[in-house]
2 protein chains.
Amino acid sequence: MDEIPERLTVKPSWLITQLAVHARRLVFDGFAAAGARGYHYRILAALHEFGPASQAELGRRCRVDRSDVVTAVNQLVEQGVVDRTPDPDHGRRNKVTLTPDGVQQLRRMDQLLDQVQDDLLEPLSAEDRQTLTRLLGRVLAHHESP
Amino acid sequence: MDEIPERLTVKPSWLITQLAVHARRLVFDGFAAAGARGYHYRILAALHEFGPASQAELGRRCRVDRSDVVTAVNQLVEQGVVDRTPDPDHGRRNKVTLTPDGVQQLRRMDQLLDQVQDDLLEPLSAEDRQTLTRLLGRVLAHHESP
DNA sequence: CTATAAGTGTTGGTGCCACCAACATCGCAT
DNA sequence: ATGCGATGTTGGTGGCACCAACACTTATAG
């Protein structure tokens, strides 16, 4: 490989965005085996953890735009992993529900993701992995709270 | 803000890619003030650090695809921050050179980026910032060497 | 020396992720 | 009741990363 300008390699913003490229590639390749994408996992995870929800709710919980939730839920319905029904208590709202197939799909994706985490942090000791995770969590939380 | 599924917040791949979103936004907003984009900075940095280079070389050093280098260099030439001349020793190759205006632009972007680093890692102590940078560097290097 | 491989610039296209504006519709608070 | 905010949906934008193909040039192998 060619040498990278030091101006870049020294900057946390570079390290984070470049590492994110590799992380997204690993995740993408993993999910490709299950015919799914990142948005799908986020939504399935939110449904499994908090139960049925409206699309707007899903969007807020998963950091996905309302309009992108529409597309993703369309695909998830098509795959039979979620159901979309009108909310009886609310004319406009939809209720999105996880199907049994969806639960199974989520478990499969969880296993794939666990492997990805391992590949991603391969060169780090268990302790370093924990440190990195903690620091990243602190920084991310700071940029989401205000 | 709404609560995020724990399945996500626990995974390094999530933390990295989400934090990258914030980092890219900060960088983008900073560069917007200078009328530039991420690719522009990478290329100017490589030219300043290693001197004039071909487009293919720039692409390898900056982790930018050859075809995207074409577009970026077009814009940089338009802005007058680089020159593109045919390489006399090589029929096909171009020689891209930093202009004095380019050096000045690079310095401006450097200052903007320094501020961005500070905003990005705001909640961390100097020591934690160093730790985080070190760990990220180790992981990134691992995914680029093989 | 010649056939073949490898490198270079360029065009054009793809996909993911994030985001915005606008619209019609519905619930809620004043 | 009226206006305000939330909701689902459509359609579009942009940055970044990437791929395929082409014309052409240099380097390499035989």
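Predicted model, so just to flag it, every value in this text is computed and none were measured. Every chain is numbered from 1 and lettered A, B, ... according to where its sequence line falls, protein lines coming before strand lines.
- Taken together through direct or relayed side-chain contacts under 4.5 Å among Ile, Leu, Val, Met, Phe, Trp and Tyr, A:V77 and A:V69 form part of one hydrophobic cluster.
- Nearest to the side-chain atoms of B:R66 among the listed nucleotides C:dG9, C:dA22, D:dC18 stands C:dG9.
- B:R61 places no side-chain N or O within donor-acceptor distance of the main-chain N or O of B:A46, the cut-off being under 3.5 Å.
- Side-chain atoms of B:A56 lie closest to C:dT8 of the nucleotides D:dC18, C:dT8, D:dT7.
- Atom CD of A:Q75 and atom C1' of C:dG15 are 12 Å apart (whole Å).
- Sorted by first and then second residue, the side-chain hydrogen bond (donor to acceptor under 3.5 Å, both in side chains) pairs with a member in residues 112-121 of chain B read A:S13-B:Q117, B:Q115-B:D119, B:D118-B:R129; sequence neighbours excluded.
- The residue among B:H90 and A:C62 whose nearest nucleotide of DNA chain C lies closer to the 5′ end is B:H90.
- As a whole-Å value, the separation of B:W14 CH2 from C:dC16 P is 17 Å.
- Atom NZ of B:K95 and atom P of C:dG9 are 13 Å apart (whole Å).
- Formation of a donor-acceptor pair under 3.5 Å by the A:H48 side chain with backbone atoms of A:V103 is not found in this model.
- Across all strands shown, A:S54 has heavy atoms under 4.0 Å from sugar-phosphate atoms exclusively, and none from any base.
- Pairing each heavy atom of B:T9 with each of B:W14, the nearest pair is CA-CD1, 3.8 Å.
- Here A:Q55 reaches the OP1 or OP2 of D:dT9: one of its side-chain N or O atoms lies under 4.0 Å away.
- Of the listed nucleotides (C:dA24, D:dC18, C:dC16), C:dC16 has the atom at the smallest distance from the side chain of A:R37.
- C:dC17 atom P lies 11 Å from atom CD1 of A:I43, rounded to whole Å.
- By the side-chain hydrogen bond (donor to acceptor under 3.5 Å, both in side chains) test, A:R37 pairs with A:Q75, sequence neighbours left out.
- Side-chain to base pairing of B:R92 with D:dA23: one donor and one acceptor N or O lie within less than 3.5 Å of each other.
- Straight-line distance from the CG atom of B:N94 to the C1' atom of C:dG7: 13 Å, rounded to whole Å.
- Within the 4.0 Å cut-off from OP1 or OP2 of C:dC17, not a single side-chain nitrogen or oxygen of B:Q18 is found.
- In this structure, B:F28 atom CZ and D:dC16 atom P are separated by 8 Å, rounded to whole Å.
- The shortest distance between the side-chain N/O atoms of A:R24 and the OP1/OP2 oxygens of C:dA18 is not below 4.0 Å.
- The nearest whole Å value for the distance from the CD atom in B:E57 to the P atom in C:dT8 is 8 Å.
- Looking at the side chain of A:D65, the nearest of the listed nucleotides D:dC16, C:dC19, C:dG9 is C:dC19.
- Comparing D:dC18, D:dC16, D:dT7 against the side chain of A:R60 picks out D:dT7 as the nearest.
- Atom P of nucleotide D:dT26 and atom CZ of B:R93 are separated by 9 Å, given to the nearest angstrom.
- Among the nucleotides D:dA17, C:dG12, C:dC17, the one closest to the side chain of B:S67 is C:dG12.
- Contact annotation: B:N74 does not reach the phosphate of C:dG9 (side-chain N/O to OP1 or OP2, under 4.0 Å).
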